[in-house]
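Lettering of chains follows the sequences in order, A, B, ..., and the numbering in each one begins at 1.
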Amino acid sequence: MAEPVFALIDCNAFYASCERVFRPDLARTPIVVLSNNDGCVIARSADAKPFVKMGEPYFQVRATLRRHGIRAFSSNYALYGDMSQRVMTVIEGLVPELEVYSIDEAFAELSGMPGSLEALGRRIRAEVWQCTGILVGVGIAGTKTLAKLANHAAKRWQRQTGGVVDLRDPGRRDKLLQAVAVGEVWGVGRKLTQQLQELGIRTAWDLAQADTRALRQRFSVTMEKTVRELRGISCLPLDEVVAPRQEICCSRMFGRRVRELPALREAVASYTARAAEKLRAQGSLCRRLRVSIRTGMFNPEEAKYGQGVLCELPYPSADVRLLTRFALAGLERIYREGFAYSKAEIHLLDLCRRGEYTDDLFAEAPPLAAERLMSVWDAINARWGRGTLHLARVPGHPQWGMRREMLSQSYTTRIDQLWRVRAE
DNA sequence: TCTGGGGTCCTAGGACCC
DNA sequence: TCTGGGGTCCTAGGACCC
């Protein structure tokens, strides 16, 4: 078999770019996008990066943003999700195999492609730009970890590289490894960076030279793979098929603190409904769920409390009514009066595929009608929009709902919010 | 006033079994 | 007086990613 060749294609400042595509008037205005509840900065356009850090709380940087004329947006996941699909569709048309790795990046496998891969990279860039208005960077190498690093270089030296870097040449690879800090390597986060530095490993090059056996002992097999990948030995294959999730979670901060049980019930029911939707969308059932609530974590003045409880279902199910019943019963067990809650979470655990689990001979049998009811339920919501059909527990406009004060339109997914263009 | 959400993988350690 | 060895399964926690 031929040596694999991977490309990592990654959108530049993706959320900020999506906002800009539909606001050409903001082409020269720096943009940041905020997390849910307008909590903190999670994306910045290139011209905003010098002024605001990733992850900074909005309320702390608001003055800075105003001073530099930076425009803030609430996150608009309907828009970003749809734009992501468009980008991926374009790329899929140009490469033999694609693994969509996240909302804004994808790995491709290019071994056996004729012609210059750098030219192919430029073509991907040009076509994605033309079809979607989104700019991507392309990194090419013999392993995923090196392709990530190549992509990093393509971004960092965008002007010199034109946004495409082919790192297959060993000389070029080693030069880059020596120039890049170990913390930039895929799989090396904050904690590991610190521990590696204590061992004298400062650059990606140092890591590639390190003794794999010792590192595996000290850290884990994941670290060993990273080292091997840096040396050009491919350990992480392309995963084209998306495996079904092994757990599904819906967790959200409230738009404002919640003290009373009835409002918490609403939130737990709403989150359970969303989680159950995801569960059915991948054709799974769950056997257990965990519901948890907690107060704010940052304000030292606030009394802190957090608790979760695991609930066992009588049989594997994706029936929103059953899941909600158990989630609410769990909530009653963990709720304590007198706290200002900021967040609730639902985790669906122990997932299995429909028809691929062994029934318990003595356990309660799942009602047969439930499955059909849920598929009609999903069909109605798919046709008329999420939430058209919902349990009475789930309010339409809850007082604890998410804050999104700077939300852009859903230009591409809502007929009543289409982009308006005026001809002069 | 105010600090995101949703995942994965790996390991250690305890419970339990024969 | 003395108290095995080897295995599995589960859970919690820690690290990472975007």
Q) Per the side chain to side chain contact (heavy atoms under 4.5 Å, CB included) rule, which among A/Leu110, A/Val138, A/Asp166, A/Ile140 passes with A/Leu120? A) A/Leu110

Q: Look at all strands and tell whether A/Asp104 reaches a base, only sugar-phosphate, or nothing, counting heavy atoms closer than 4.0 Å.
A: sugar-phosphate

(Q) Do A/Ser74 and A/Tyr58 make a side-chain contact, defined as non-hydrogen atoms from C-beta onward lying under 4.5 Å apart? (A) no

Q.
Between P on B/dT1 and CZ on A/Phe59, what's the gap in Å once rounded to a whole number?
A. 10 Å

Q) Do any side-chain nitrogens or oxygens of A/Arg403 fall under 4.0 Å of OP1 or OP2 in B/dT1? A) no

Q: Please work out if A/Arg218 contacts a base, only the sugar-phosphate, or nothing of the nucleic acid, heavy-atom cut-off 4.0 Å.
A: nothing

Q: Could you check A/Arg294 against A/Pro244 and say which one's nearest nucleotide on DNA chain B is further toward the 5' end?
A: A/Arg294

Q.
From CD1 of A/Ile9 over to P of C/dC18, roughly how many Å is that when rounded to an integer?
A. 15 Å

Q. Knowing that exactly one of A/Gln217, A/Arg216, A/Arg213 qualifies, which makes a side-chain hydrogen bond (donor to acceptor under 3.5 Å, both in side chains) with A/Glu224?
A. A/Arg216

Q. Are the side chain of A/Lys148 and the backbone N or O of A/Glu184 linked by a donor-acceptor pair below 3.5 Å?
A. no

Q) Between A/Arg257 and B/dT3, is there a side-chain N or O to OP1/OP2 distance below 4.0 Å? A) yes

What's touching nucleotides 9-11 of chain B from the protein side, N or O pairs under 3.5 Å?
unit_1 : atom_1 : unit_2   : atom_2 : d
B/dC9  : OP2    : A/Gln246 : NE2    : 3.4

Q. Going by atom types alone, do A/Thr222 and A/Ser220 pair a side-chain donor with an acceptor below 3.5 Å?
A. yes

**Q.** A/Glu345 CD - B/dG5 C1' separation (whole Å)
**A.** 9 Å

Q | A/Asn151 side chain vs A/Leu8 backbone, donor-acceptor pair below 3.5 Å | A | yes

Q.
For the residue pair A/Arg71 and A/Phe73, would you count it as a cation-pi contact if the rule is NZ or CZ under 6.0 angstrom from the ring centre and within 45 degrees of the ring axis?
A. yes

(Q) Students often get this wrong, so: under 4.0 angstrom with heavy atoms, is A/Ile248 touching a base, only sugar-phosphate, or nothing? (A) sugar-phosphate

Q) Does the side chain to side chain contact (heavy atoms under 4.5 Å, CB included) test come out yes or no for A/Tyr341 and A/Tyr335, once each step is laid out? A) CA-CA 10 Å; A/Tyr341 293 94; A/Tyr335 174 75; 3.7 Å; yes

Q. Taking the same atom, P, in C/dC18 and in B/dT3, what whole-Å distance lies between them?
A. 25 Å

**Q.** DNA chain C base-pair string [pairs: Watson-Crick or G-U under 3.5 Å; |: paired with another strand]
**A.** ....||||||||||||||

**Q.** d(CE, A/Met297; P, B/dG5) in whole Å
**A.** 13 Å

Q.
Quick check: A/Trp186 with A/Phe107 (ring centres under 6.0 Å apart)?
A. yes

All N/O pairs under 3.5 Å across the protein-nucleotides 13-16 of chain B interface:
none

Q. Between B/dG7 and A/Lys278, is there an OP1 or OP2 to side-chain N/O distance shorter than 4.0 Å?
A. yes

Q.
So, does A/Arg62 get its side chain near the phosphate of B/dC2, meaning an N or O under 4.0 Å from OP1 or OP2?
A. no

Q) For A/Arg256, which contact category applies under a 4.0 Å heavy-atom criterion: base, sugar-phosphate, or nothing? A) nothing

Q: Would you mind classifying the nucleic acid contact of A/Leu34 as base, sugar-phosphate or nothing, using non-hydrogen atoms under 4.0 angstrom?
A: nothing

Q: Kindly indicate whether a cation-pi arrangement holds for A/Lys343 with A/Phe254, taking the cut-offs as under 6.0 Å to the six-membered ring centre and within 45° of the axis.
A: no

**Q.** Within-4.5 Å side-chain heavy-atom neighbours: A/Val33 and A/Tyr80
**A.** yes

(Q) Whether the side chain of A/Asn37 engages the backbone of A/Arg403 through a donor-acceptor N/O pair (distance < 3.5 Å, no angle test) should be reported. (A) yes

Q | Residue mapping more 5' on DNA chain B - nearest nucleotide basis, A/Asn299 or A/Asn36 | A | A/Asn299

(Q) By nearest atom, which of the nucleotides B/dT8, C/dC17, B/dG5 is closest to the A/Arg245 side chain? (A) B/dT8

Q) Atom CD of A/Glu56 to atom P of B/dG4: distance rounded to whole Å? A) 13 Å

**Q.** Euclidean distance, atom CG of residue A/Leu289 to atom P of B/dG6 [Å, nearest integer]
**A.** 15 Å

Q: Please report, rounded to the nearest Å, how far the P atom of B/dT3 is from the CD atom of A/Glu302.
A: 8 Å

Q | Selection from C/dC18, B/dC2, B/dG7 that lies nearest to any side-chain heavy atom of A/Cys249 | A | B/dG7

Q) Does the side chain of A/Lys191 get closer than 4.0 angstrom to OP1 or OP2 of C/dC17 through an N or O atom? A) no

Q: Indicate yes or no: at least one non-hydrogen side-chain atom of A/Trp377 is less than 4.5 angstrom from one of A/Arg280.
A: yes

**Q.** Rounded interatomic separation in angstrom, taking CZ from A/Arg290 and P from C/dA12
**A.** 6 Å

